[in-house]
Amino acid sequence: MGIFDRFQKQSKADEAKPEVPDTAQLKDFYPYDTGLSQTILSLSAEFRENGLPARKPCDREQFIALLAGISSLRKTPGIPAPDQSSQSYFTTLPRCASPEAEAECRAHLVKIFGIADKQSLMGFCSREICCNRQYLDFVGFWEGRPPFDLAQLNKDALEFFQTARDFSAQFYPIVKHHGYLAWDISECVGHLRTAYACGILTRNELDEMAEYWIEQAQVFENWADFAVSVLCGYLYWDFRNNAKLPELNKGLDLWTQLVRILLNDSAAWGSGMWYTPNDNV
């Protein structure tokens, strides 16, 4: 199988293609026709049509917990699951209930992610999670302000860059400059949440590290806007890890279920709760 073959769209007879903004002015803009962007467009319309409450203020801790909403839906050893917790589960930062639970959570982080302390946590997130900086490089080339000279890349690196760029192009008309930012925020804050729960991070360290992501999140209009960026970022992350189209579609189904849970829950994203730093100055 060639490097491009795994991104070819599966045959779908009579599939309607939603309208997207004009991209004629972009440079080297050759999006793969995988069908994924049509699904994301439909989901975006669904989220907005369902409606979300207008933003209502919340405190900083509540917002950090909400940003980690996807992570809080995963079963993590040593941390209570949603069905074992109170109504404020999605708006509070958990702590492991005992030294044994704390040790179980720490062992999980080391085994699965190689996270043992603050430094390894930062390294893991930067290396394995963050995707938006790559997306912004692609945007720079599309919009005629390339951030570097492609001639600097060797043959293999150039081929990967172009493949990743063209895979990402399908999402540009939907997320524009927001790109994969919500994915980075959601996953990184999720790891901060877990590290704080088991004592790898102090509360001061959590607050310090979360501040950057809180500021970054302010570009989103609401949780529906945030959810669409999360989904696109997930797809790129899975692509970057060599997933083929059937796997991407299967993963998208799962992640769509997760964001729907949060958007439909009046104690989670469906509450409309949002923290805006400038409102508290």
Do [X] and [Y] share a hydrophobic cluster, counting only Ile, Leu, Val, Met, Phe, Trp and Tyr and linking them when any side-chain heavy atoms are less than 4.5 Å apart?
| X | Y | value |
| --- | --- | --- |
| Y212 | M209 | yes |
| V219 | F226 | yes |
| I115 | I112 | yes |

Check: [X] side chain, [Y] main-chain N or O, donor-acceptor pair, under 3.5 Å:
| X | Y | answer |
| --- | --- | --- |
| N249 | L245 | yes |
| Q257 | L254 | no |
| S72 | G69 | yes |
| W223 | V259 | no |
| N264 | R260 | yes |
| R48 | A224 | no |
| D59 | Q62 | yes |
| T91 | S88 | yes |
| D265 | G270 | no |
| T256 | L252 | yes |

Restricting to pairs with a member in residues 127-147, which pass salt bridge (charged side-chain N to carboxylate O under 4.0 Å, His left out), not counting sequence neighbours?
E143-R145
Show every salt bridge (charged side-chain N to carboxylate O under 4.0 Å, His left out) that has at least one partner inside residues 209-218, sequence neighbours left out.
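Listed once each, the pairs are R60-E211.
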Does a sphere of radius 6.0 Å around NZ in K250 hold more than 12 heavy atoms from other residues, nucleotides or ligands, not counting ones at 6.0 Å or beyond?
no
Determine the interplanar angle of the F167 and Y236 rings, folded into 0 to 90°, and report it as parallel if under 30°, tilted if 30 to 60°, perpendicular if over 60°.
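The rings of F167 and Y236 sit tilted, inter-plane angle from 30° to 60°.
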May I ask you to decide if the ring planes of W142 and F138 are parallel, tilted or perpendicular, using 30° and 60° as cut-offs?
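If you compare the ring of W142 with that of F138, the planes turn out tilted.
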Check whether the ring centres of F148 and F161 lie less than 6.0 Å apart, and answer yes or no.
yes
Hydrogens and angles aside, do E221 and W274 bring a side-chain donor and acceptor to less than 3.5 Å of each other?
no
With no hydrogens and no angle check, do the side chains of Y180 and S168 hold a donor and an acceptor under 3.5 Å apart?
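Per modelled atom types, Y180 and S168 side chains form a pair under 3.5 Å.
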Once you round to the nearest 0.5 Å, how far does CG of D207 lie from CD1 of I214?
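Answer rounded to 0.5 Å: 7.5 Å.
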What's the separation between atom CG in L109 and atom CD in E104, rounded to the nearest 0.5 Å?
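L109 CG to E104 CD: 11.0 Å, rounded to 0.5 Å.
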Quiz: residues 190-197 side-chain donor-acceptor pairs under 3.5 angstrom, not counting sequence neighbours:
residue : atom : partner : partner atom : Å
R193    : NH2  : Y89     : OH           : 3.3
T194    : OG1  : G190    : O            : 3.2
Y196    : OH   : R95     : NH1          : 3.4

Write down the atom of A227, the atom of W269, and the distance for their closest heavy-atom approach.
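So the minimum-distance heavy-atom pair works out to CB-CZ3, 4.0 Å.
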For residues I200 and E205, report the shortest heavy-atom separation together with the two atoms involved.
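In this case the closest contact between I200 and E205 is O-OE1, 3.9 Å.
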[X] vs [Y] side-chain heavy atoms within contact, under 4.5 Å:
| X | Y | value |
| --- | --- | --- |
| F141 | D28 | no |
| D184 | C131 | yes |
| H178 | V228 | no |
| L206 | R203 | yes |
| P173 | T23 | yes |
| Y30 | R165 | yes |

Which of these passes ring-ring contact (aromatic ring centres under 6.0 Å, His included) with W183: Y135, W213, W255, F171?
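Considering Y135, W213, W255, F171, a ring-ring contact (aromatic ring centres under 6.0 Å, His included) with W183 is found only for W255.
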